[in-house]
Structure formats: structure tokens, C-alpha cells
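Written below as C-alpha cells is the structure these notes are about.
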Amino acid sequence: SGVSGSLINNGIFDLNTTAGVTTTFLGSGNESISGTGSTTDFYAITVNKGTTRTGATLDVTIPITMSIATGSAARLVITNGTFKISSATDITPVGGTQTVVGAGGRLWLNHASAVYNGGNGTTQGSPTISGELRIDAGTFNYGSGNNTMNFTNTATPGSVLNMSGGTINFLGVASFSSDVDVQFNMTGGNINVDVQATNNSASSTAAFSIGASTTVNWSGGVVTIIDP
């Protein structure tokens with residue numbers, strides 16, 4: 001199904017339990033998922049709004065649920081535009097090695113109880129951020145200990161982490177490619193990198209790697225390497 005505007009649910013919205021429908025949000029305007037309904041349940045979501053990562057935003061202002069990705073799968077695909085979570089939404093939309101956000105997209109966590117889980121506990125993998133990951137509040141979880149969180153898009157604009165609050169828990173190593181279009185911007189929040197979780201990274205692996213030419217603006221926040 002395709003949506004070119006906002007979705008307002010004041011009842012029960014369920015495209016997961018019996019249907020298994022992928023909902024694609026389109027259009028070039030800022031829209032939202034809102035309402036007073038008790039159930040807003042998606043099977044899969046594709047965001048393809050506008051032509052740039054910041055040109056159009058889909059703001060999730062009520063808690064939603066999604067089908068938990070089983071195996072290596074992506075139930076949330078952000079191609080263009082911004083998927084902003086401004087609610088107590090807790091989702092596990094991807095499993096295995098996946099592109100979390102495409103070059104033209106942005107994933108934005110903007111609520112203290114917003115949770116994005118990458119992997120389903122048994123099918124972990126290495127996430128790639130080709131667009132922008134922005135965290136003002138909430139929690140981003142991914143990995144199992146021997147995975148790599150990659151910021152490797154050196155096009156213009158490149159891979160970007162913008163963090164002013166919230167928490168990233170990455171079980172593995174984090175790597176920012178050496179290119180001026182790859183950005184690490186941190187003014188607050190916490191990044192926890194654990195290279196010895198369920199699986200162990202190789203002993204010679206750098207736990208947190210920022211390239212010599214990476215654009216870095218770091219004025220606050222804490223990066224913790226757990227059990228190095």
C-alpha cells in the first residue's frame with residue numbers, strides 16, 4: 001500500500017497480523033503517523049519521501065509496532081527522506097547485515113523511550129549507515145560483538161552520525177571512513193562499544209576507528225569501550 005500524506009489512526013490499524021502488507025510512504029511534504037488508536041501495527045515500512053535525506057519527514061508521534069525481522073531481513077527501508085521516531089516506539093525491523101539507512105535517507109530517534117533494535121537475537125550482523133543517523137533521545141542497539149558498524153559512504157553528502165543525546169549500544173566495532181564527507185558529530189549522549197559480547201572481535205581490530213580525513217565535531221557526550 002502507498003501513502004502520500006499523513007496516517008491518522010483513531011482505532012485499530014493492523015497490516016501485520018493477517019495481511020503482511022508493506023506500506024510505502026511517498027510525497028515531498030512533512031507528514032506524520034498520529035492518532036488515538038490502541039493498535040498501530042505494520043508488517044513492513046518503506047520511506048521514499050522527496051529526493052534528499054532532509055527534504056521531507058515522516059514523524060511517528062504515536063507508538064507503533066512492526067513485525068520482528070526473522071533471519072536476514074529488512075522490514076524498515078529508508079530510501080529518501082527522514083523517518084523520525086517521536087514516540088515510545090520499540091521496533092526490531094532488521095536482522096543480519098543490512099543498510100540501516102540509504103544514502104538519501106535519515107533515521108532520527110527523538111523520544112526517550114524510542115528503541116531501534118538491529119537483529120533479532122539470533123541473526124545479528126554488521127549495519128551500514130549510508131545516509132544519516134541522528135539521535136537526540138532514545139536507544140539504538142545492534143551487533144553481537146564481532147560485527148562492524150560502518151559509516152562508509154564517501155559521496156556528497158556522505159555517511160553522517162549526528163548525536164546530541166540518547167544511547168548507541170553497538171556490540172562490535174564502529175568504523176568511520178577517512179573522507180571529509182563522512183561525519184562524526186557529537187554534542188551529547190552515550191556510545192557504548194562492546195567488542196566482547198556474545199561473539200568476540202579479533203584482538204587486532206580497532207574498537208572505535210575514525211579516519212584521518214573524517215569530519216569530526218565532538219564537543220560533548222561519552223564514548224565507552226567496554227571490555228577492550
Side-chain angles (χ1 to χ4, degrees), residues 1-96 98-120 127-142 153 157 160 162 166:
S1 63
V3 180
S4 294
S6 292
L7 190 154
I8 302 172
N9 173 31
N10 292 324
I12 295 177
F13 178 91
D14 188 348
L15 295 183
N16 177 32
T17 304
T18 59
V21 174
T22 297
T23 304
T24 301
F25 288 90
L26 305 164
S28 57
N30 294 324
E31 316 291 354
S32 65
I33 299 174
S34 63
T36 59
S38 59
T39 299
T40 307
D41 191 16
F42 293 88
Y43 174 75
I45 294 174
T46 295
V47 179
N48 193 8
K49 295 182 65 62
T51 58
T52 65
R53 60 185 65 167
T54 60
T57 297
L58 176 65
D59 195 357
V60 182
T61 62
I62 59 171
I64 67 170
T65 52
M66 295 183 67
S67 173
I68 295 176
T70 57
S72 183
R75 299 262 166 81
L76 174 60
V77 177
I78 307 172
T79 304
N80 288 305
T82 295
F83 185 75
K84 181 180 180 182
I85 303 178
S86 301
S87 60
T89 291
D90 187 337
I91 54 175
T92 306
V94 296
Q98 301 292 341
T99 297
V100 171
V101 56
R106 174 171 62 169
L107 173 62
W108 183 355
L109 303 188
N110 189 46
H111 190 281
S113 297
V115 180
Y116 181 105
N117 299 299
N120 54 28
T128 294
I129 311 296
S130 294
E132 179 183 339
L133 175 61
R134 175 172 174 175
I135 302 179
D136 293 340
T139 305
F140 180 94
N141 301 312
Y142 216 115
N153 177 23
V160 175
N162 280 321

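Predicted model, so just to flag it, every value in this text is computed and none were measured.
Proximity of Thr40 to Pro63: side-chain heavy atoms (C-beta onward) are nowhere separated by under 4.5 Å. Side-chain contact between Val77 and Thr22: absent, with no pair of heavy atoms (C-beta onward) separated by less than 4.5 Å. A 4.5 Å side-chain heavy-atom check between Thr23 and Leu15 finds at least one atom pair inside the cut-off. At a threshold of 4.5 Å between non-hydrogen side-chain atoms, the residues Phe13 and Ile64 do not count as touching. When side chains are defined from C-beta on, Tyr116 does not count as touching Leu133, because their heavy atoms never get closer than 4.5 Å. Inter-residue side-chain proximity for Thr36 and Ile62 is flagged as unmet; no heavy-atom pair is nearer than 4.5 Å. Between Ile8 and Ser34 the shortest side-chain heavy-atom distance falls below 4.5 Å.
Looking only at atom types and distance, the side chain of Ser86 has a donor-acceptor partner in the side chain of Asp59 under 3.5 Å away. Between the side chains of Thr51 and Asn80, not a single donor N or O lies within less than 3.5 Å of an accepting N or O.
Thr128 is linked by a side chain to side chain contact (heavy atoms under 4.5 Å, CB included) to Thr99, Ser130, Asn150, Thr152, counting only residues two or more places apart in sequence or in another chain. Thr18 meets the side chain to side chain contact (heavy atoms under 4.5 Å, CB included) test with no other residue; sequence neighbours excluded.
To the nearest 0.5 Å, atoms CD1 (Ile129) and CZ (Phe140) are separated by 5.0 Å. Distance CG/Asn16 to CG/Asp41: 4.0 Å, rounded to 0.5 Å. Rounding to the nearest 0.5 angstrom, the gap separating the OG1 atom in Thr54 from the CZ atom in Arg106 is 6.0 Å. Asp90 CG to His111 NE2: the interatomic distance, rounded to the nearest 0.5 Å, is 12.0 Å. Annotation: the span from Lys84 atom NZ to Asn110 atom CG amounts to 4.5 Å, rounded to 0.5 Å. Distance check, rounded to the nearest 0.5 Å: CG of Leu109 to CZ of Arg134 gives 11.0 Å.
The shortest non-hydrogen separation linking Ile78 to Val100 is CD1-O, 4.1 Å. Across every non-hydrogen atom of Gly50 and Ala56, the tightest pair is N-CB, 4.5 Å. Taking every heavy atom of both residues into account, Gly96 and Ser72 meet most closely at CA-OG, 4.2 Å. Contact between Ala44 and Met66 at its shortest, heavy atoms only, is CA-CE, 4.0 Å. In plain terms, the two heavy atoms of Gly5 and Phe25 that are nearest each other are O-CD2, 4.4 Å. Contact between Leu58 and Ile33 at its shortest, heavy atoms only, is CD1-CG1, 4.0 Å.
The backbone N or O of Val60 sits less than 3.5 Å from a side-chain atom of Ser87, completing a donor-acceptor pair. Lys49 places a side-chain N or O within 3.5 Å of a backbone atom of Leu26 that can act as its donor or acceptor partner. Between the side chain of Ser6 and the backbone N or O of Ser32, at least one donor-acceptor pair lies under 3.5 Å.
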Val101 vs Arg53, side-chain contact (heavy atoms from CB on, under 4.5 Å): CA-CA, chis, key distance, verdict:
CA-CA 10 Å; Val101 56; Arg53 60 185 65 167; over 6 Å; no

Assess whether side-chain contact (heavy atoms from CB on, under 4.5 Å) is satisfied between Phe42 and Leu76, documenting all intermediate values.
CA-CA 10 Å; Phe42 293 88; Leu76 174 60; over 6 Å; no

